[in-house]
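Shown next, in C-alpha cells, is the structure this report addresses.
Each chain gets a letter, A, B and so on, in the order the sequences are listed, and its residues count up from 1.
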There are 2 protein chains.
Amino acid sequence: MQIGELARTTSTKVETIRFYEKIGLLPEPGRTAGNYRDYGAAHLARLSFIRRARDLGFTLDQVRELLALSDDRSRSCTAVDSVARAHLAQIDQKIADLRALRRELDELIGQCSQGAISDCRIIEALGPPSNARH
Amino acid sequence: MQIGELARTTSTKVETIRFYEKIGLLPEPGRTAGNYRDYGAAHLARLSFIRRARDLGFTLDQVRELLALSDDRSRSCTAVDSVARAHLAQIDQKIADLRALRRELDELIGQCSQGAISDCRIIEALGPPSNARH
DNA sequence: CTTGACCCTATAGTTGCTACAGGCTGCATA
DNA sequence: TATGCAGCCTGTAGCAACTATAGGGTCAAG
C-alpha cells in the first residue's frame, strides 16, 4: 500500500503522514525499488488510532502516551483512563471559557445600534478603561 | 512611558508588545536618547484595545480589521457589528464541536472497567474500524 | 516516448506568541 | 569611581500541528 492510498483510507493528508513519521509517531515503513513508502496493515491500524485520538482532541503528546500504553498490553487500563479523564477535564474547561466569552460578546453586539463608528458601543467597549481618548 | 510600564499597565509581556509592533499592529513609538521606546497615551489606548479584543477571542486579523474600522470614525458601525457577529458564530460552532467531543469521550470513559489494557474499551475504540488487529 | 498522476526530500510558512543570546543604558550604592 | 543590577535593545529560534511550496524522480497508459 503506498502513501496515497493510506492517506485516502484514513482521511489524512500525505504530508501529515510523512510528518507523523518524522516526529516518530508512525514507524518508518519499508520502501519499494523506486523508493516509495510501502505500508502494511499494522501501519494502517496505528495511523487510524492516531487519527481517532486526534479527532477526539488529544494532543500529539497524549496520543504518544496512549500509543505507548496500548503497546504494553499487560498493563492496567487505569493509566489510559486517567489520560482520558484529564483530557475530559480540559474540554470542560474550554467549554466553560468559551461560554463566558460568548456571553460577553453577545452583550456587546446587543448594544450595537448600527449608527456611526463614533457612537459604536463595540468599539467603545474595546477602548481603554476610563481614559480620555483624544 | 517605557515598554515595561506599558506592559504592566496592559498585562502584556514586553516581548508581545515588540511583536505587535513588528507585525504592524502597534505603531512604532518615538525613542529616547538611549534608544528606549517611548510610549504615550495613544499607544496605551491602542494596546488596550488590542488586548481586550484578543481576550474576547478575536484573531489578530480580526483585531486588525476592527482597528482599521475604529480609525475611520465616519463609517457605519455595521461593519464592526458583522465582524463581531461572525466571531460569535465561530464561537458557537466551537462550543458545539467541543460538546459533541465531550459526549463521545465521556461515553468511552464510562466503558473503562479498569482491567488490563488488552480489555481496555478506550484503546479498543481508538483502534481501526473493524479489521483484524494481528 | 511522452503525458500525467503519483511519489521523493527539504525547507518555509501558518498563528500568536515566548524564550533565549549577547549586548547596551541608567540609576543606586560602596 | 567602580560596580552591580534592573531594565532595555536586536535578532533569532522555538512551541503545536500541520500545510504548502520547490524541484525533482517513478511508473503505468496511450
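Remark: the Arg51(A) side chain and the Tyr20(A) side chain contain an N/O donor-acceptor pair separated by less than 3.5 Å.
Thr59(B) comes within contact range of the sugar-phosphate backbone alone, with a heavy-atom separation under 4.0 Å but no base atom that close. In this structure, Arg18(B) reaches the bases: a heavy-atom distance under 4.0 Å links it to at least one base atom across the strands shown. In this structure, Phe58(A) reaches neither bases nor backbone, as no heavy-atom distance under 4.0 Å exists between it and the strands shown.
Atom CZ in Arg31(B) sits about 13 Å away from atom P in dG26(C), given to the nearest Å. Rounding to whole angstrom units, CD1 of residue Ile23(B) and P of dG16(C) are separated by 8 Å. Atom pair Ile3(A):CD1 and dT9(C):C1' shows a separation of 12 Å (rounding to whole Å applied). For Asp55(B) and dC17(C), the CG to C1' distance is 14 Å, given to the nearest whole Å. The distance from atom CG of Leu60(B) to atom C1' of dG13(C) is 16 Å, rounded to the nearest whole Å. Counting to the nearest Å, the P atom of dC18(D) and the CG atom of Leu47(A) are 11 Å from each other. Between the C1' atom of dA17(D) and the CD atom of Glu15(A) lies a distance of 13 Å, rounded to the nearest Å. When the P atom of dC9(D) is taken as reference, atom NZ of Lys22(B) falls 14 Å away, rounded to whole Å.
Listed pair Arg37(B) / dT10(D) meets the phosphate criterion, a side-chain N or O lying under 4.0 Å from OP1 or OP2. Within the structure, a side-chain polar atom (N or O) of Tyr20(A) is placed less than 4.0 Å from OP1 or OP2 of dC18(D). Taking 4.0 angstrom as the limit, Lys13(A) places a side-chain polar atom (N or O) nearer than this to OP1 or OP2 of dA20(D).
If you check dG16(C), dG7(D), dC18(D) against the side chain of Phe19(B), the one that comes closest is dG16(C). Closest to the Thr16(B) side chain, of the nucleotides dC7(C), dC18(D), dT18(C), is dT18(C).
Along DNA chain C, the nucleotide nearest to Asp61(B) and the one nearest to Thr32(B) differ in position, and the one closer to the 5' end is contacted by Asp61(B).
Ion pairing of Arg46(A) with Asp71(A) is present here, as a side-chain N (NZ or NE/NH1/NH2) and a carboxylate O approach within less than 4.0 Å.
A side-chain donor-acceptor contact under 3.5 Å links Gln62(B) to the backbone of Thr59(B). In this structure, Asp38(B) contributes its side chain and Gln2(B) its backbone to no donor-acceptor pair below 3.5 Å. Between the side chain of His87(B) and the backbone N or O of Leu56(B), at least one donor-acceptor pair lies under 3.5 Å.
Side-chain N/O atoms of Tyr36(B) and base N/O atoms of dG26(C) include no donor-acceptor pair closer than 3.5 Å.
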